[in-house]
Protein chains: 2
Amino acid sequence: MTGLLKIADSLAFGGRQQQWLHDSETLACRMRFSVFLPPAAAHGKVPWLLWLSGLTCSDENFSHKAGAQRLAAQLGIALAIPDTSPRGETVPDDAAYDLGQGAGFYVDAVREPWSRHYRMYDYVSRELPALLRAEFPLNGRCAIAGHSMGGHGALVCAIRRPQDYVSASAFSPICHPVAAPWGRKAFAAYLGDDEAAWAQWDASLLLAERGCPLPLRVDVGLADTFLAEQLQPEALQQAARAGDARLELNRHAGYDHGYYFVASFIDEHLRFHAEHLLT
Amino acid sequence: MTGLLKIADSLAFGGRQQQWLHDSETLACRMRFSVFLPPAAAHGKVPWLLWLSGLTCSDENFSHKAGAQRLAAQLGIALAIPDTSPRGETVPDDAAYDLGQGAGFYVDAVREPWSRHYRMYDYVSRELPALLRAEFPLNGRCAIAGHSMGGHGALVCAIRRPQDYVSASAFSPICHPVAAPWGRKAFAAYLGDDEAAWAQWDASLLLAERGCPLPLRVDVGLADTFLAEQLQPEALQQAARAGDARLELNRHAGYDHGYYFVASFIDEHLRFHAEHLLT
């Protein structure tokens, strides 16, 4: 593997929490990612969860704050955590937190100046999984999950290529980005003004059109200040009905958009995926 | 209470994770701290764990990275997490990470320019607990714990005033600071050149001299690069024997100095303290 470089490696819950650098062809830049390998990975290939993070995040937010390693170690599930955009001085950026670096939105950009590097969908759905399965003790059973912008990414990946995953879940996802300010801003920049082309990156539109054979779980907090305008879980729920998809949507009174919400329910998501990863 | 200002409040595991500002008389500056109140705190006073963090940390490192809230919520134990030094533009600092802001070492400084603000022992052992018990639903049963520099602080607090705590524990503590580079540098700055005065801030010297009636637990990682030179757990173990103290010292192969080690064993520490907090 060209340029796969380990930069951190700590024992955690009997497994290994590692951070790696590699040169991504898809993104045309050096990328960092984290993996957690449960104790069982020392003895053979294990199933794994691909986690997509939200706006402003790197691979470290979920690694540090979600507390997922404890139960993942017990269940024998690996965690793979990419960054949220291409990175580096030569990569286009924007001063706003919701565009450019830290805000790749898991789409393949077609518009300048973004199209050369901003191909996060291709990266997280093809290049990175291939690298991970070649270089780490991961088997062919993969689930996908994410938070906020990463929840959008996880749902879009799962609906577009359900054959690649056994299950998908999201915390506080941007469910209908073509109708949300964050999504409209990012899609206009990365995809251009033709809104018809945006539909293939919108979980609610995709799900209504194509359905999805995978079990889907979404959790949102009712004290999330982004819920009504940016997240719109009702759109996803309606699409699931229209597309005949198995969506479990859980609303939690009092929880907000932050990582304490993710930490509070990550065990439930891991057990949801374990049902499909381990059987 | 003068200037007690809530700046963050999230539901977490059914409890409240909060961040507060207040004007500390002891430290002569505005201070931030975090508290986690378990669900049981909505119905009455609960026992609590005072956590002291290590070099470079604020109240956020433990709050974000240790994953302690999950089991604390179940056990009905509150967590109180102060900052690691006085803060602010008017507070003396040093360019090094191991002196000045972020490195208060839980001593009461007597030397200029530190003596006006750097009184972290007095703050964490007197002013802050009094404020917490006056303003939050905390009962009189308190345990103390910490990591690295904060492990040193927790042990020193417990040995100097055992009547204030029911139990004490530490991850990777600086056990014998008068003989360790971090400790010698900080003590020389804060306490002056008379090394005889340092002994009252050294857990191993204090324990050998005074003993300690509290149950003590210490965990260290054998892959911790600071273990031999900076931490010296053997000195504490010898002191416990000399002082007839109940010290459980656990050595863990493969674990390093970081927060993944803390996260891996925080549940064991919480259960250790729960034995004494809840009975």
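Because the structure is a prediction, the values reported are computed rather than measured.
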A:Met31 and A:Leu131: side chain to side chain contact (heavy atoms under 4.5 Å, CB included), yes or no, with the steps?
CA-CA 12 Å; A:Met31 290 294 288; A:Leu131 179 157; over 6 Å; no
Would you call B:Trp48 and B:Val35 a side-chain contact if the rule is heavy atoms closer than 4.5 Å?
no
Toward chain A, the part of B:Phe13 with a non-hydrogen atom under 4.5 Å
both
Pick out which of A:His152, A:Gln230, A:Gln232 makes a side chain to side chain contact (heavy atoms under 4.5 Å, CB included) with A:Pro177.
A:His152
Can I get a per-line list of side-chain donor-acceptor pairs under 3.5 Å for residues 97-106 of chain B, giving both atom names and the distance, sequence neighbours left out?
from, atom 1, to, atom 2, distance (Å)
B:Tyr97, OH, B:Trp182, NE1, 2.8
B:Asp98, OD1, B:Lys185, NZ, 2.7
B:Gln101, OE1, B:Gly88, N, 3.4
B:Gln101, NE2, B:Gly88, O, 2.9
B:Gln101, NE2, B:Val91, O, 3.0
B:Tyr106, OH, B:Ser53, N, 3.2
B:Tyr106, OH, B:Ser53, O, 2.7

Please flag which part of A:Ala253 lies under 4.5 Å from any non-hydrogen atom of chain B: side chain, backbone, both or neither.
backbone
Angle between ring planes, A:Trp51 versus A:His147, binned at 30° and 60°: parallel, tilted or perpendicular?
parallel
Against chain A, label B:Asp224 side chain, backbone, both or neither, depending on which of its atoms sit under 4.5 Å from a heavy atom there.
neither
Residue, of A:Gly258, A:Ala12, A:Gly221, that accumulates the most heavy atom pairs under 4.5 Å with chain B
A:Ala12
Contacting moiety of A:Tyr255, where chain B heavy atoms sit under 4.5 Å:
both
Cut-off 4.5 Å, heavy atoms of chain B, and the answer for A:Asn61 is neither
